[in-house]
Every structure is written in C-alpha cells, then in structure tokens.
Colleague: 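If you scroll down you'll find the structure; I have some questions about it.
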Amino acid sequence: MPELPEVETTRRGLAPHLEGRSIHGVILRRPDLRWPIPDEIGALLPGQAIQGVRRRAKYLLLDTAIGSALLHLGMSGSLRVLPGDTPVRAHDHVDISLDNGRLLRFNDPRRFGSLLWQPAGETHPLLVGLGPEPLEDTFDGDYLFQRSRGRSASVKTFLMDQGIVVGVGNIYAAESLFMAGINPLREAGKISRERYQRLATAVKQILGHAITRGGTTLRDFINPDGAPGYFEQELLVYGREGQPCRQCGRALRHATIGQRASVWCGHCQR
C-alpha cells in the first residue's frame, strides 16, 4: 500500500497541474470503489475551481469553495493528469476533466481505493482522531515520550498507530527504528525520552529522504508522471530478513509484530 512518501510525491506531482484549474466535468465508470462514491462528487464538483491539493495522512484532498474530494489510493491506485482524449484502459474508474482540456484519471485495479466527499468546514469521519503529521514541528521526541507512558505495546506498533502519528507505515517504521538503534519489540512505555528524540529525528529524515527519492516501489506504486519510486534501492532492513546487516554484518532477524512482517538487527537495535 502506498505510504506517506508515495502519497506526498503524488500530491507534489499533481498540484501544479490542478491548482487554479476549474473542473469541467466528472465521469464515474462505476458507482463505487472501496465504498460507494457519494452523489456530491458528480453533482457538485463540476464548475468548481480547485483551490488546493492537500495531503492528510495517506489521503489526498482536492479543495474547492464548497468542499473537498477525498481520495485514497488503496493498494494499487494511481492518479495521472492526461490529455483529454487519452483512451480509457481497464480499471480507469474516474475522470475529472479540467477547463484546459486535460483530465485527472483515477486507475485502481484492486478497487481498494476510495473517492469520498468532505463538505466545506467539516472533517470527514476518516480524518477525525488522527495524530500529527510526522514532518511537522508538533511531532518530536517529547511528544512521543509523553504519549508512550504506560503503554506495553511494542514500540513499532506504537509508532504505526495513526492516532499517535499519521503515515508511518511498515516500511518507514522499520527503517526509522533501525536508524534510531531501537529494537522494534521493545515496550513503548519503557523507552527513554532521549531515545524517542532519536526516533523522531529518524522518522523525519527517513520520510523526507523517501519523498525526495519519489517513494518506494514494491508492487504497484508509480508517480503521477509514470516514473517509479527509488527509495526501495536504499532500504536497510525492510524485506531483507536473513541478509547481513549493512552496519555490522550480522544476519538480520525477523518476526511478526502487530500482524506485520518486521526485520531488524539484533546487534545494532536494542
């Protein structure tokens, strides 16, 4: 599933083509994706100007004066800005045509993505209760230390809790814990403030670097321009179980933590 860097890469790729443009029309080739597509998408969006393209967690929002189209890429979704006469392919479920003759096309083979509606001045239920963005100043070691007190869950499970911080999925949690030298099995409530400072810094560095590299291509993700992400080539632990640690040379360990495959170095992460 695309994680925060992939979604942010998509946002940055789309924004210059969408912001300031007016929506000419909406074509829905099916009534639903993961959930039914609300009537407001087809009825209210045409004629509206796109004021901004935002990201909240792993959701993209196309903001207009009357509300926002809320998009999630799911497991295999992609958004591309294309010429208006581009032939329709299999799994091209949604077209949002623009006033300049181009269109935003949502392709989703597995249909785990979503297209929903958020009225102006409201917060969609899916966005209520989310933690801070990891790249904002409000996310730091002090915040993690305070939120972790009394928690017996593993630090990796804690870090991937969207109510604690959004967008740190399995790949980036594994890489951040490795950079911070923290064993993912450690109880969240028993980690010191100093170590959480290192972890918060690692999360920011890992996510920031992944964004500059265009995200991580593992299965289906591609950028809006069709180019793959390249961060996969730099992964230090994720997906490398049994291979030598690139810091100490010992074999990387693996286990299932919170129903997710986890890899770490038993020597470098304590």
Colleague: Do the non-hydrogen side-chain atoms of R29 and I27 ever get within less than 4.5 Å of each other?
Modeller: yes
Colleague: I'd like to know if Y196 and L135 are part of one continuous hydrophobic network [Ile/Leu/Val/Met/Phe/Trp/Tyr, side-chain heavy atoms within less than 4.5 Å].
Modeller: yes
Colleague: Got a second to check how far L252's CG is from R246's CZ, nearest 0.5 Å?
Modeller: 9.0 Å
Colleague: If you define the side chain from C-beta out and look only at heavy atoms, does anything of H267 sit under 4.5 Å from C245?
Modeller: no
Colleague: Decide yes or no for W117 and L45: does some side-chain heavy atom of the first lie under 4.5 Å from some side-chain heavy atom of the second?
Modeller: yes
Colleague: Of the non-hydrogen atoms in M160 and G169, which two are nearest, and what is the gap between them?
Modeller: CE-C, 3.9 Å
Colleague: Are there more than 12 heavy atoms of other residues, nucleotides or ligands under 6.0 Å from atom NE2 of H17?
Modeller: yes
Colleague: Can you hop from L127 to L115 via hydrophobic side chains spaced under 4.5 Å?
Modeller: no
Colleague: Would you say the side chain of H93 lies within less than 4.5 Å of the side chain of L33, judging by non-hydrogen atoms?
Modeller: yes
Colleague: Nearest 0.5 angstrom please: L71 CG to I41 CD1, how far?
Modeller: 7.5 Å
Colleague: Give the C-alpha distance, both sets of side-chain angles, the deciding distance and a yes or no for salt bridge (Lys or Arg N to Asp or Glu O under 4.0 Å) between R89 and D92.
Modeller: CA-CA 6 Å; R89 304 174 303 161; D92 285 342; 3.7 Å; yes
Colleague: Can you measure from CZ (R111) to OG (S76) and round to the nearest 0.5 angstrom?
Modeller: 10.0 Å
Colleague: Looking at V166, V7, T123, which one forms a side-chain contact (heavy atoms from CB on, under 4.5 Å) with R56?
Modeller: V166
Colleague: With a 3.5 Å distance limit and no angle check, can you tell me whether Q162 reaches the backbone of G167 through a side-chain donor-acceptor pair?
Modeller: yes
Colleague: To check you understand the geometry: which heavy-atom pair defines the closest contact between N100 and R21, and what is its length?
Modeller: ND2-CD, 3.4 Å
Colleague: Can you tell if the side chain of L104 reaches within under 4.5 Å of the side chain of L14, non-hydrogen atoms only?
Modeller: yes
Colleague: Can you name the one residue among Q118, Q48, R54 that meets side chain to side chain donor-acceptor pair (under 3.5 Å) with D63?
Modeller: R54
Colleague: Identify the heavy atoms of R12 and I211 that sit nearest to each other, and give their distance.
Modeller: NH1-CG2, 3.4 Å
Colleague: Is D32 atom CG crowded by more than 12 heavy atoms from other residues, nucleotides or ligands, each under 6.0 Å away?
Modeller: yes
Colleague: Closest approach of F139 and P134, non-hydrogen atoms and distance?
Modeller: CD2-O, 3.2 Å
Colleague: Rounded to the nearest 0.5 Å, how far does CG of L126 lie from CG of L116?
Modeller: 6.5 Å
Colleague: Will you find, in the side chains of Y59 and R55, an N or O donor that is under 3.5 Å from an N or O acceptor?
Modeller: no
Colleague: Looking at every heavy atom in both A251 and G242, which two are closest together, and how far apart are they?
Modeller: CB-O, 4.0 Å
Colleague: Which heavy-atom pair separates A90 from N107 by the least distance, and what is that distance?
Modeller: O-ND2, 3.1 Å
Colleague: Identify, with sequence neighbours excluded, every residue that meets side-chain hydrogen bond (donor to acceptor under 3.5 Å, both in side chains) alongside R195.
Modeller: none
Colleague: Does atom NE2 of H124 have more than 12 heavy-atom neighbours, drawn from other residues, nucleotides or ligands, at distances under 6.0 Å?
Modeller: yes
Colleague: Among side-chain atoms of E3 and N170, is any donor-acceptor pair under 3.5 angstrom?
Modeller: no
Colleague: Taking the side chain as every heavy atom from C-beta outward, state whether W264 and L177 have any pair of such atoms under 4.5 Å apart.
Modeller: no
Colleague: If I take atom CG from residue D95 and atom CG from residue L82, how far apart are they, to the nearest 0.5 angstrom?
Modeller: 8.0 Å
Colleague: Are any of the side-chain heavy atoms of P31 and P36 separated by less than 4.5 Å?
Modeller: no
Colleague: Within the side chain of Q269, is there an N or O that forms a donor-acceptor pair under 3.5 Å with the backbone of C265?
Modeller: yes
Colleague: Here's one to test your reading of the geometry: is the NZ or CZ of R149 within 45 degrees of the ring axis of F145 and under 6.0 Å from its centre?
Modeller: yes
Colleague: Distance from K204 atom NZ to L199 atom CG, nearest 0.5 Å?
Modeller: 11.0 Å
Colleague: Hey, does S68 have a side-chain heavy atom less than 4.5 Å from the side chain of L62?
Modeller: no
Colleague: The test is side-chain contact (heavy atoms from CB on, under 4.5 Å); show your working for L73 and T10 and say whether it passes.
Modeller: CA-CA 10 Å; L73 298 177; T10 297; 4.2 Å; yes
